[in-house]
Peer 1: 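I have a structure I would like to understand better, so I am pasting it below and will then ask my questions one at a time.
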Protein chains: 2
Amino acid sequence: MRMDDDRWEAPRVLLAVDLVILTLRGSRLHVLLIERGVEPFRGALALPGGFLRDQEEDIVAAAHRELFEEAGLADVPHLEPLGVYGEPGRDPRGRVVSVAYLAIAPRLPEPVAGTDAAEASWRPVEHAMSSNVELAFDHRRILADGVERARVKLEHSALATAFCGETFTISELQQVYEAVWGVRLDPRNFYRKVQSARGFIVAAGSMRRTEGGRPARMFKAGPVQAIYPPMVRSAQAVAEGSDGRKDGRTAQTMPEGGANP
Amino acid sequence: MRMDDDRWEAPRVLLAVDLVILTLRGSRLHVLLIERGVEPFRGALALPGGFLRDQEEDIVAAAHRELFEEAGLADVPHLEPLGVYGEPGRDPRGRVVSVAYLAIAPRLPEPVAGTDAAEASWRPVEHAMSSNVELAFDHRRILADGVERARVKLEHSALATAFCGETFTISELQQVYEAVWGVRLDPRNFYRKVQSARGFIVAAGSMRRTEGGRPARMFKAGPVQAIYPPMVRSAQAVAEGSDGRKDGRTAQTMPEGGANP
DNA sequence: GGAATAGTGTCTTTGAGACATTATATC
DNA sequence: GATATAATGTCTCAAAGACACTATTCC
């Protein structure tokens with residue numbers, strides 16, 4: 001601490017939150033974006049987010065509040081810390097340090113534009129990250145970090161089952177992995193792999209007839225949170241991805257879990 | 001953003017940095033701690049850190065500055081973002097949001113106590129995390145997160161070679177892994193494993209006589225940053241560790257790389 | 001029957017972990 | 001010689017990836 005000068009007072013910064021909310025629609029990964037209704041970047045697309053309301057507000061609480069205010073989404077489960085973005089100059093309004101959070105959830109409702117958002121909607125991640133689209137501030141970077149984090153999460157956690165219904169077929173589960181990872185997987189190896197992860201999925205007894213094929217066995221989510229052995233992406237899958245990164249594993253964020261007591 | 005009320009103004013918070021600086025001394029992992037010379041927590045041990053100096057200071061720059069001011073350390077390489085700790089109430093002085101950074105480096109010099117630090121010194125991590133020691137604020141948590149991150153880094157990066165001299169023997173390299181991971185490894189399997197990681201280490205030609213045994217071949221650091229196959233800790237090693245965690249892999253931090261443009 | 005999807009089996013390769021064995025130094 | 005450390009080899013097991021094959025539905 002620097003307190004040798006008694007008259008010195010630590011500067012204060014504006015603290016913001018930014019939210020990367022991912023969901024699956026159809027078989028593509030989508031991200032929640034708003035169209036900014038105020039300056040700066042009025043009219044541009046942006047991640048939902050905003051400033052802390054008051055000195056006492058918890059950061060995660062602020063994230064939930066903004067999500068509700070800007071997109072009408074309540075009860076988005078499990079926001080996890082993604083990173084801190086605090087470069088001077090990243091926001092023309094002054095020194096703004098933003099804490100980014102990530103949530104990945106299935107079947108989120110249609111967003112409803114709120115106060116300063118002219119519009120709020122789900123956009124395919126592939127589209128949002130394409131170079132045609134302008135994202136406000138450094139949100140392109142934050143989004144890329146969030147997507148990469150989602151991919152890693154699917155490897156080690158049982159999250160993917162949450163994107164399926166109460167019961168689901170193995171090929172439905174495979175589609176989740178394919179959508180998030182942005183690759184094609186071998187159905188036969190996937191079948192074996194997913195079954196060998198202890199506690200990941202359990203049989204649900206019934207069958208389901210699909211379009212013109214043999215009926216598939218139904219499964220439901222198993223008891224475990226972390227799956228072992230993990231569903232590791234091949235080195236090739238990591239290299240591909242669908243963002244513009246060379247190595248998806250070295251995203252500019254902080255590690256799993258997320259520091260925020 | 002919440003700007004419907006024209007008279008509303010976003011609150012500002014104090015922004016701090018906290019630093020987890022790890023090094024190897026002898027064959028044990030050490031962390032840089034200071035003894036606080038000012039309230040709050042005067043007299044307690046703490047991670048080095050402090051407030052942003054002014055509105056324009058870059059966060060990483062502030063981290064380097066504090067490191068120099070409080071411990072006399074300059075040129076600590078590669079600070080990487082570890083997490084954000086911003087719970088209201090974590091600091092009695094008001095709302096303080098702290099960005100934690102991690103650095104792991106070999107052969108750092110002895111620290112020199114600076115302005116508000118009564119003392120600065122290297123402490124064995126095992127000791128610092130023992131329940132006998134009181135760390136200021138939530139620094140015990142931050143330290144635990146940093147140590148776990150260091151362990152993961154050794155698995156996937158070629159960092160460990162930096163802790164050895166220009167040239168080194170394989171058993172010296174093994175000692176680095178054992179110190180950071182806090183486990184014993186089989187020298188024969190380690191030998192094979194480290195050699196199979198392509199580009200990790202390359203032969204340096206010469207030999208070195210050691211205490212009363214066959215001379216060892218010398219190696220030097222290879223060209224790669226990320227090693228493949230990774231030096232994975234066994235599930236057992238993860239469970240042990242030397243901190244008090246059940247599962248070292250689920251630290252409360254953000255993922256690798258570190259968000260901070 | 002054909003087309004489509006579901007599920008099983010088999011082969012190869014790679015790497016982890018346990019542990020025996022050989023090599024080269026000092027005393 | 002004994003002893004200590006370095007280096008290599010062997011065996012077993014688990015898992016990934018490629019891919020042939022069988023099973024059950026709809027048309």
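The structure displayed is predicted, hence computed values, not measured ones. Below, read A as the first sequence line, B as the second, and so on, with proteins coming before strands; counting in each chain starts at 1.
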Peer 1: Report yes or no: does B:Trp122 contribute a side-chain atom to a donor-acceptor pair with the main-chain N or O of B:Pro109 at less than 3.5 Å?
Peer 2: yes

Peer 1: Should B:Asp145 and B:Arg141 count as an ion pair when the cut-off is N to O under 4.0 Å?
Peer 2: yes

Peer 1: Taking DNA chain C as the partner, which of residues 187-205 of chain B come within under 4.0 angstrom of it by heavy atom?
Peer 2: B:Arg188, B:Asn189, B:Arg192, B:Lys193, B:Arg198

Peer 1: Look at the side-chain N and O atoms of B:Ser171 and state whether any lies under 4.0 Å from the OP1 or OP2 oxygen of D:dT5.
Peer 2: no

Peer 1: Can you name the ring pair (Phe, Tyr, Trp, His ring centres under 6.0 Å) partners of A:Tyr191, sequence neighbours left out?
Peer 2: none

Peer 1: Please report, rounded to the nearest Å, how far the P atom of D:dT8 is from the CG atom of B:Asp186.
Peer 2: 15 Å

Peer 1: Expressed in angstrom and rounded to an integer, what is the separation of A:Leu173 atom CG from C:dA6 atom C1'?
Peer 2: 15 Å

Peer 1: What is the distance from CG of B:Leu185 to C1' of C:dC19, rounded to the nearest Å?
Peer 2: 16 Å

Peer 1: What I want to find out is whether B:Arg107 reaches B:Glu166 closely enough, with some N-O distance under 4.0 Å, to be called a salt bridge.
Peer 2: no

Peer 1: Do B:Arg184 and B:Glu178 sit within salt-bridge range, that is, some charged N less than 4.0 Å from a carboxylate O?
Peer 2: yes

Peer 1: For A:Phe219 and C:dG7, give me the distance from atom CZ to atom P, rounded to whole Å.
Peer 2: 6 Å

Peer 1: Without decimals, in angstroms, what is the distance between B:Phe168 CZ and D:dA6 P?
Peer 2: 14 Å

Peer 1: Starting at CE of B:Met207 and ending at C1' of C:dT26, how long is that distance when rounded to a whole Å?
Peer 2: 16 Å

Peer 1: Quick one: does A:Tyr101's side chain have a donor or acceptor within less than 3.5 Å of a partner on A:Val17's backbone?
Peer 2: no

Peer 1: Take atom CZ of A:Arg184 and atom C1' of D:dG17, then tell me their distance rounded to the nearest Å.
Peer 2: 17 Å

Peer 1: Return the value, rounded to whole Å, for the distance between atom CZ of A:Arg214 and atom P of D:dC27.
Peer 2: 18 Å

